[in-house]
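Worksheet for the structure shown next.
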Amino acid sequence: MNIRQLLADKVITAMVAAGLPEDTNPALSISSRPQFGDYQANGVMGAAKKLKTNPRELALKVVEQLDLSGIASKIELAGPGFINIHLDPTWLAAQLHNIGEDKKLGVTQQETPQNVVVDYSAPNLAKEMHVGHLRSTIIGDAVVGALEFRGNKVIRQNHMGDWGTQFGMLIAHLSDKLLGQEVAETALADLENFYREAKVRFDNEEGFADRARDYVVKLQSGDTDCAKLWQQFIDISIAHSEEIYTKLNVTLTRKDIMGESSYNHDLSKVIDELMAQEIAVEDQGAKVVFIEEMANKDGDPSVFIVQKSGGGYLYATTDLSACRYRSGKLKADRIIIFTDARQSLHFKQVEIVARKAGFLPDTVGYDHCPFGMMMGNDGKPFKTRTGGTIKLAELLDEAVTRASEVIREKNPDYSEDKLNEIACKVGIGAVKFADLSKNRTSDYIFNWKTMLSFEGATAPYLQYAYSRIQSIFSKANVEKASTTQINIATSIKIIEPQEKALALKILQLEDVIDAVISECTPNLLCNYLYELASLYMSFYEACPILKDGIDEDVKHSRLALCQLISLTLKSGLDILGIEVMERM
């Protein structure tokens with residue numbers, strides 16, 4: 001459930017009854033201090049200013065009309081017009097009872113689910129995935145998880161770079177390798193080295209560049225032999241990407257791939273329609289859209305080239321075709337695209353042109369969600385010590401190795417198999433949470449020591465909180481955390497302030513997920529889970545569960561509360577693509 005929305009609706013009703021306009025914003029927020037209530041409605045202040053009346057007197061009228069019987073234990077007026085709402089512990093306990101048997105933990109499912117197309121990851125198949133692909137992949141997958149948890153239909157689109165002039169160069173090099181009796185899988189085992197070899201030949205070997213350009217022409221004209229070589233390259237390249245997705249525990253599969261080549265058949269039609277509508281014009285042999293809406297300070301329009309003078313197509317053409325496909329064929333209500341911030345201008349241009357051309361109707365939302373860079377400790381883009389690009393596979397392997405060292409130090413009795421299993425979950429989770437917990441639009445410093453710490457806002461801290469709850473169930477002879485054994489539906493009683501704080505936090509999950517979906521900001525969910533785990537640690541210290549002398553009703557109530565915390569932590573981490581374990 002969404003407590004904030006429930007209370008906001010009640011406050012709005014009271015405001016209207018007190019004579020305020022129906023569009024008055026209740027400005028309802030979670031209170032930062034328990035003594036000021038659990039929620040605060042501050043909208044009377046702004047309304048009183050507009051109406052030129054005394055805010056406290058107006059707030060008093062609203063409070064008189066505010067019916068929160070059975071929901072709030074106390075409503076009080078503070079300062080010049082703040083309304084503080086103290087929720088009734090009995091009502092909170094009842095809400096926890098209601099969500100106890102719900103797999104979605106009380107998060108209501110959309111009455112009218114949206115059809116959301118999410119474009120993320122999008123590696124270039126000419127090279128292995130590197131650290132630059134991490135943010136797009138995991139931020140996109142986390143937002144997908146939130147959308148699906150809320151009941152929306154998500155269509156993943158992995159817009160892989162599988163076309164373009166570089167493939168002529170690569171196919172020429174592969175062709176020579178195969179003539180030399182090499183096997184394609186062996187030749188392409190190291191994509192980075194293969195690409196480097198081809199580039200050296202392209203730059204230095206006489207005649208090779210011309211051969212590469214000939215291959216491009218053949219490929220684009222549908223030559224079957226050339227297409228066969230290209231397909232070998234694509235298949236092996238995709239296999240590299242799939243290994244990364246498996247390691248990262250993200251949900252992208254081969255069926256989600258919709259590479260640049262998928263739009264080839266439509267590109268000439270895109271240009272024809274832009275020209276027919278006089279949106280694009282010919283300029284120095286190229287087809288260009290001059291975007292007046294993005295003119296500079298001198299009034300010169302933004303230049304958006306959609307076809308090169310030689311007839312070649314660009315990313316612009318492909319992305320316009322993708323707009324039409326996603327809104328028309330896939331029937332998208334909303335399109336979300338994750339790339340780094342350097343492409344912001346490009347996608348703004350794409351949206352303007354696509355809407356003008358009718359490729360993107362006004363009814364379809366279009367959100368380009370840029371993200372910042374991963375930086376090294378020197379404040380520069382994260383690189384190898386020699387300044388090279390870091391392969392994503394190598395980064396993830398190092399994360400597992402470092403996690404293994406940390407886990408072995410804490411638990412030297414683990415078998416190698418158990419150690420490896422936990423190290424994979426901790427290491428990969430640490431990398432993902434360190435990234436996802438940062439504001440999407442900000443750059444951040446990559447730091448091994450911080451992300452693998454068992455203290456602070458880290459994946460290991462949250463995973464440990466979850467496993468600690470499982471150990472309580474084990475000691476209580478509850479074989480596995482299950483609602484049937486602990487009986488959430490009948491046993492929760494909220495007595496201590498730490499219990500109330502946890503109840504409030506658990507019941508705020510829907511509000512947080514909605515914010516993640518709206519702004520495409522997984523860091524909000526990361527913050528929520530960290531706050532929940534921290535509140536649990538305070539509860540654990542202040543509220544004994546299995547200690548001798550604890551009343552059985554209190555014991556069962558606290559075990560049930562632990563169960564809900566456990567389920568919420570697991571569900572939240574599942575959305576982020578981070579695995580938990582019974583024991584650490």
Side-chain angles (χ1 to χ4, degrees), residues 117-130 132-137 140-141 144 154-171 174 184 188 191-192 194-195 198 212 215-224 226-246 248 250-271 306-307 312-330 332 335-340 343 346-347 350 354 359 368 392:
V117 172
V118 185
D119 176 339
Y120 66 109
S121 191
N124 187 334
L125 292 183
K127 299 180 180 180
E128 285 187 51
M129 292 178 73
H130 56 78
H133 296 114
L134 177 66
R135 302 209 76 186
S136 174
T137 303
D141 210 55
V144 163
V154 177
I155 302 174
R156 297 158 176 79
Q157 293 279 274
N158 196 347
H159 192 86
M160 286 183 165
D162 63 353
W163 205 247
T165 54
Q166 78 268 33
F167 278 92
M169 172 185 81
L170 296 167
I171 291 170
L174 178 59
L188 296 172
L191 283 174
E192 290 293 318
F194 185 91
Y195 187 93
Y215 269 115
V216 173
V217 174
K218 288 180 181 179
L219 182 61
Q220 293 180 345
S221 62
D223 181 90
T224 53
C226 193
K228 185 178 178 182
L229 289 173
W230 173 79
Q231 192 60 55
Q232 283 183 295
F233 192 92
I234 296 304
D235 288 341
I236 293 170
S237 300
I238 288 174
H240 281 271
S241 298
E242 287 179 315
E243 289 177 14
I244 297 294
Y245 296 145
T246 299
L248 273 175
V250 299
T251 58
L252 284 169
T253 65
R254 187 172 287 240
K255 68 180 177 61
D256 301 316
I257 296 171
M258 189 72 181
E260 292 172 5
S261 62
S262 306
Y263 301 100
N264 289 339
H265 68 283
D266 190 48
L267 302 184
S268 62
K269 297 173 188 175
V270 166
I271 299 301
V306 292
Q307 187 175 23
Y313 302 113
L314 301 100
Y315 292 132
T317 334
T318 304
D319 286 329
L320 287 170
S321 179
C323 284
R324 177 156 68 177
Y325 172 77
R326 292 165 182 176
S327 64
K329 183 77 172 177
L330 299 182
I335 299 168
I336 306 174
I337 301 170
F338 292 96
T339 73
D340 70 54
Q343 297 186 51
H346 167 78
F347 282 103
V350 168
F359 301 159
H368 173 240
L392 190 47

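When a residue number appears, it is its place in the shown sequence, counting from 1.
Aromatic rings from H159 and Y315 are positioned such that their centres are separated by 6.0 Å or more.
Residues L392 and E128 fail the side-chain proximity criterion, which asks for heavy atoms closer than 4.5 Å. Inter-residue side-chain proximity for I337 and Q343 is flagged as unmet; no heavy-atom pair is nearer than 4.5 Å.
Considering all non-hydrogen atoms of both residues, P123 and M129 come closest at CB-CG, 3.7 Å. L248 and T137 get closest at one heavy-atom pair: CD1-CG2, 4.1 Å. Across every non-hydrogen atom of D256 and T251, the tightest pair is OD2-O, 3.8 Å. In terms of heavy-atom proximity, S321 sits nearest to D266 at OG-OD2, 2.7 Å. Minimum interatomic distance between F359 and L320 (heavy atoms only, all atoms of both residues): CD1-O, 3.9 Å. Contact record, L219 with A227: CD1-CA, 4.2 Å, taken as the closest heavy-atom pair.
No donor-acceptor distance shorter than 3.5 angstrom exists from the side chain of S136 to the backbone of H133, with no hydrogens or angles considered. Looking at T246, its side chain does come within 3.5 Å of a backbone N or O of E242 through a donor-acceptor pair. Of the possible polar contacts, none joining the D162 side chain to the L125 backbone as a donor-acceptor pair under 3.5 Å is found. No donor-acceptor pair under 3.5 Å is formed between the side chain of S327 and the backbone N or O of A332. Distance alone, capped at 3.5 Å, is enough to place a donor-acceptor pair between the N158 side chain and the A122 backbone. Although no hydrogens or angles enter the test, the distance criterion places no donor-acceptor pair under 3.5 Å between the side chain of D235 and the main chain of Q232.
In this structure, OG1 in T317 is found 13.0 Å from OH in Y263, a value given to the nearest 0.5 Å. Atom CD of Q157 sits about 12.5 Å away from atom CD1 of I336, to the nearest 0.5 Å. Between T318 atom OG1 and N264 atom CG the span is 7.0 Å, to the nearest 0.5 Å. The distance from atom OH of Y313 to atom CD1 of I271, rounded to the nearest 0.5 Å, is 6.5 Å. To the nearest 0.5 Å, the span separating CZ on F167 from OG on S261 amounts to 8.5 Å. Here the CD1-CH2 distance, from I234 to W163, works out to 9.0 Å after rounding to the nearest 0.5 Å.
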Apply the test side chain to side chain contact (heavy atoms under 4.5 Å, CB included) to residues I171 and K218: give CA-CA distance (whole Å), side-chain angles for both, the deciding distance (0.1 Å), then the verdict.
-> CA-CA 11 Å; I171 291 170; K218 288 180 181 179; over 6 Å; no

side-chain hydrogen bond (donor to acceptor under 3.5 Å, both in side chains) between S121 and Y245, worked out | CA-CA 10 Å; S121 191; Y245 296 145; 2.6 Å; yes

Hey, mind stepping through N124 and Y195 against side-chain hydrogen bond (donor to acceptor under 3.5 Å, both in side chains) and telling me if it holds?
-> CA-CA 12 Å; N124 187 334; Y195 187 93; over 6 Å; no

For I238 and R254, run side chain to side chain contact (heavy atoms under 4.5 Å, CB included): C-alpha distance rounded to whole Å, both residues' side-chain angles, the deciding distance at 0.1 Å, then the answer.
-> CA-CA 8 Å; I238 288 174; R254 187 172 287 240; 3.5 Å; yes

Test L330 against M258 for side chain to side chain contact (heavy atoms under 4.5 Å, CB included), laying out the working first.
-> CA-CA 12 Å; L330 299 182; M258 189 72 181; over 6 Å; no

Worked check of side chain to side chain contact (heavy atoms under 4.5 Å, CB included) between V118 and R156 | CA-CA 5 Å; V118 185; R156 297 158 176 79; 5.7 Å; no

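Taking the six-membered ring where tryptophan is involved, the planes of F194 and F233 are tilted, since the angle between them lies from 30° to 60°.
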